[in-house]
Amino acid sequence: MDIGTISLVLMLGLMLLLAIGMPLGLASAILAVLVLVMKFEPDLLLAPWTFGDGILTGRPGSGPLNILAQKIYGLLTDYVLISIPLFIFMAALLERSGIAKEMYSSLNVWLNRTRGGIAIVTSIMAVIMAAMSGIIGGEVVLLGLIALPQMLRLGYNQNLAIGVICASGSLGTMIPPSIVLIIYGLITETSIKALFTASFIPGFMLASFIIIYIIIRTQLKPEDAPLPEPVEGDPAGSEKAGLFFAFLNLLVAGFGTALFLRACFFEFSGSNAANTGADAFWGTSEFIYIFGIMVAVSLGLAFFVFGKERTATGWSMGKGLVPPIVVIGVVMGSIYGGITGITEAAGMGAFAVFVIALLRGEASTELVWDALMRTLKSTGTIIWVTIGAATLAGAYTIAGGPTYVADFIVGSELPTMLVILLMMLILLFMGAFMDWVGIVLLIIPVFLPIVLRLPLDEIGLFGELNPRHVAIWFGVVFCMNMQVSFLSPPFGPAAFYLKSVAPPHITLTDIFKGFLPFIGIQLIALSVLLIYPPIISILL
């Protein structure tokens, strides 16, 4: 059977099976078998009593089935895949412990007298949580439990509160260590570390757009974000600014101390004798003096400029931010400091969260057990969808599907940007109906080869993308699409996550209504990536 017919049957079959409610993993596996049969043994469908000609049934351990089995085995035994349950476990520990709640309280201390301050605090907290674990659902639920009641109590506009929580809570898609980027890197064999680096600026750009929108909206419509009543004794104005800078100074001292000890370790252990350049980043002997001076200056400021009393007060107001900063430092610092790989960094982050919970007196058998059960359920879902979708993608690849689609699109002589825009529309449409895991496994193996064959100088409107960064750029663009999909009706997952913890009077219709301006913000951020692709190369 020709590949064009197979592609049509596959598309219609997938839509039908998903429409009747079949799980994506099972639907994908069924269609994978159908694709192999149509391509290699159509007689099994046309004349089943003949049992085909034996290409599949006669040699079940060889041929296309063997290639498919090797593909699935290679994917599921990839070492980086272990990082996914570790990041999920870390997120589950954060959700159940009081670390996130105390972080919210500390952020609120500094911004409670700012118009729209609670909404801004919610966005900043989402960014910090995204940089810790990269899990989306847990962030939305946690913000819904902590921030939504607070904003509604203060009289915030309901649509603004809903949109801020769900849009900010979905930032884990873009900000490293994003699980979406990890899966994309595994499927496309792209450097996950490079994907993390490339997504930094687009991710924080999107977060900045959300915060700028909050500031502009609340300034134009103050009634959407009333200021809370001042509390007697709370610092304000220059006094609060002084306390904030005193707290920042302590953070600099702690950060400098950690870097000073790292540089000392590299120098006195002899590591620098064997490793130079990137491998000795911030670890050579001259940095011992630099970080030593940094720590000395910070301590001098703490004792002689800010004063011990102001420094102590600033610490008490902001100490809730320290555990998250430590976790981010452990995870991202170990990756970019050349200490560990992604998987080991995920394990170190999970261990760091557990130790912090232990020191806070919150660790218990119940906490760990509940986190493990949540991890098992979430990982099981991802793995089964991965198996099913990888099977279908592999079967379609063996049948020649990606080559057929690539030749069809490239041969149509459509303008490059029109081809990319059509891909974006397909990804946005699929994102409204399908889980991101299925999309990255089913669509990306078809789209990426096409993108790699497009004229490089025609991608984007300004600047030229480095040829080595095309797959990385498309991965970041894909993640921005998935960011939109988390809010897209009718099946936007963020809406259902929030609905599970929202007050009864807030309906799904209300939640989707609150999404509309934030979907527009996400599309603006996506447009920036399409107009100026080299933005992902700034840090690479």
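Position 1 is the first residue of the sequence; numbering continues from there.
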> Taking Ser106 for the side chain and Gly320 for the main chain, is one N or O donor matched with an acceptor at less than 3.5 Å?
Replying inline: yes

>> Donor-acceptor check, side chain of Thr173 to backbone of Ser170, threshold 3.5 angstrom: yes or no?
In response: yes

> Checking side-chain contact (heavy atoms from CB on, under 4.5 Å) for the pair Ile211/Ile124: CA distance, chi angles, key distance, verdict?
Replying inline: CA-CA 8 Å; Ile211 293 174; Ile124 295 174; 4.1 Å; yes

>> Under a 3.5 Å threshold, yes or no: a donor from one side chain and an acceptor from the other, between Ser178 and Tyr184?
In response: no

> Taking only residues two or more places apart in sequence, or in another chain, which ones meet Asp78 in a salt bridge (charged side-chain N to carboxylate O under 4.0 Å, His left out)?
Replying inline: none

> Which heavy atom in Val331 sits nearest to a heavy atom in Gly349, and how many Å separate them?
Replying inline: CG2-CA, 3.7 Å

>> Check whether Trp473 reaches the backbone of Leu529 with its side chain - one donor and one acceptor, N or O, closer than 3.5 Å.
In response: yes

>> For a 4.5 angstrom cut-off between non-hydrogen side-chain atoms, does Ile536 reach His469?
In response: yes

>> Can you confirm whether more than 12 heavy atoms, excluding those of Phe209, are under 6.0 Å from its CZ atom?
In response: yes

>> Are Phe474 and Val470 packed together at the side-chain level, in the sense that at least one heavy-atom pair is separated by less than 4.5 angstrom?
In response: no

> Is there a side-chain contact between Glu458 and Met417, using heavy atoms and a 4.5 Å cut-off?
Replying inline: no

> If every non-hydrogen atom of Ser83 is compared with every non-hydrogen atom of Ile182, which pair is closest and at what distance?
Replying inline: OG-CD1, 3.6 Å

> Can you name the side-chain hydrogen bond (donor to acceptor under 3.5 Å, both in side chains) partners of Tyr79, sequence neighbours left out?
Replying inline: Glu344

> Roughly how far apart are Lys377 NZ and Thr379 OG1, rounded to 0.5 Å?
Replying inline: 12.5 Å

>> Can you see whether Ser168 engages Ser123 through a side-chain donor-acceptor pair at a distance of less than 3.5 angstrom?
In response: yes

> So, do Phe354 and Val368 sit near enough that their side-chain heavy atoms are less than 4.5 Å apart?
Replying inline: yes

>> I'd like to check Ile325 versus Phe255 (side-chain heavy atoms, cut-off strictly below 4.5 Å). Are they in contact?
In response: no

> Once you round to the nearest 0.5 Å, how far does OG of Ser298 lie from CG of Asn249?
Replying inline: 4.5 Å

> About how many Å separate CZ of Arg262 and OG1 of Thr257, when rounded to the nearest 0.5 Å?
Replying inline: 15.0 Å

> For atom CE of Met15, is the number of surrounding heavy atoms from other residues, nucleotides or ligands below 6.0 Å larger than 12?
Replying inline: no

>> Testing the basics here: between Ala371 and Thr375, what is the closest heavy-atom pair and its distance to 0.1 Å?
In response: O-OG1, 2.7 Å

> Between Ala389 and Leu442, what is the shortest heavy-atom contact and its length?
Replying inline: O-CD2, 3.5 Å

> How long is the span from the CH2 atom in Trp110 to the CZ atom in Phe244, to the nearest 0.5 Å?
Replying inline: 7.0 Å

>> Show, in sequence, the C-alpha distance, side-chain angles and deciding distance for Ser28 and Thr391, and conclude whether the side-chain contact (heavy atoms from CB on, under 4.5 Å) test is met.
In response: CA-CA 7 Å; Ser28 301; Thr391 304; over 6 Å; no

> With a 4.5 Å heavy-atom cut-off, do Leu111 and Leu107 have their side chains touching?
Replying inline: no

> Hey, does the side chain of Asn481 reach the backbone of Leu427 with a donor-acceptor pair shorter than 3.5 angstrom?
Replying inline: no

> Aromatic ring centroids of Tyr213 and Phe518 under 6.0 Å?
Replying inline: yes

>> On a heavy-atom basis, which atom in Ile99 and which in Pro323 lie closest, and how many Å separate them?
In response: CG2-CB, 4.0 Å

> In Å and rounded to the nearest 0.5 Å, what is the CG to OG1 distance from Leu452 to Thr188?
Replying inline: 9.5 Å

>> The test is side-chain contact (heavy atoms from CB on, under 4.5 Å); show your working for Met174 and Met482 and say whether it passes.
In response: CA-CA 9 Å; Met174 283 297 304; Met482 294 304 97; over 6 Å; no

>> Show the nearest heavy-atom pair for residues Ile335 and Ala345, with the distance to one decimal.
In response: CG1-CB, 3.5 Å

>> Within a 6.0 Å radius of atom CZ on Phe496, are there more than 12 heavy atoms belonging to other residues, nucleotides or ligands?
In response: yes

>> side-chain contact (heavy atoms from CB on, under 4.5 Å), that's the test. Do Phe260 and Ile288 meet it? Break it down for me.
In response: CA-CA 6 Å; Phe260 174 78; Ile288 295 177; 3.6 Å; yes

> Is there a donor-acceptor pair under 3.5 Å between the side chain of Thr190 and the backbone N or O of Leu186?
Replying inline: no

>> Measuring only between side-chain heavy atoms, which start at C-beta, is Val477 closer than 4.5 Å to Met423?
In response: no

>> I need the Arg374 CZ to Leu376 CG distance, nearest 0.5 Å.
In response: 13.0 Å

> Do Tyr396 and Val446 come close enough that some side-chain heavy atom pair is under 4.5 Å?
Replying inline: yes

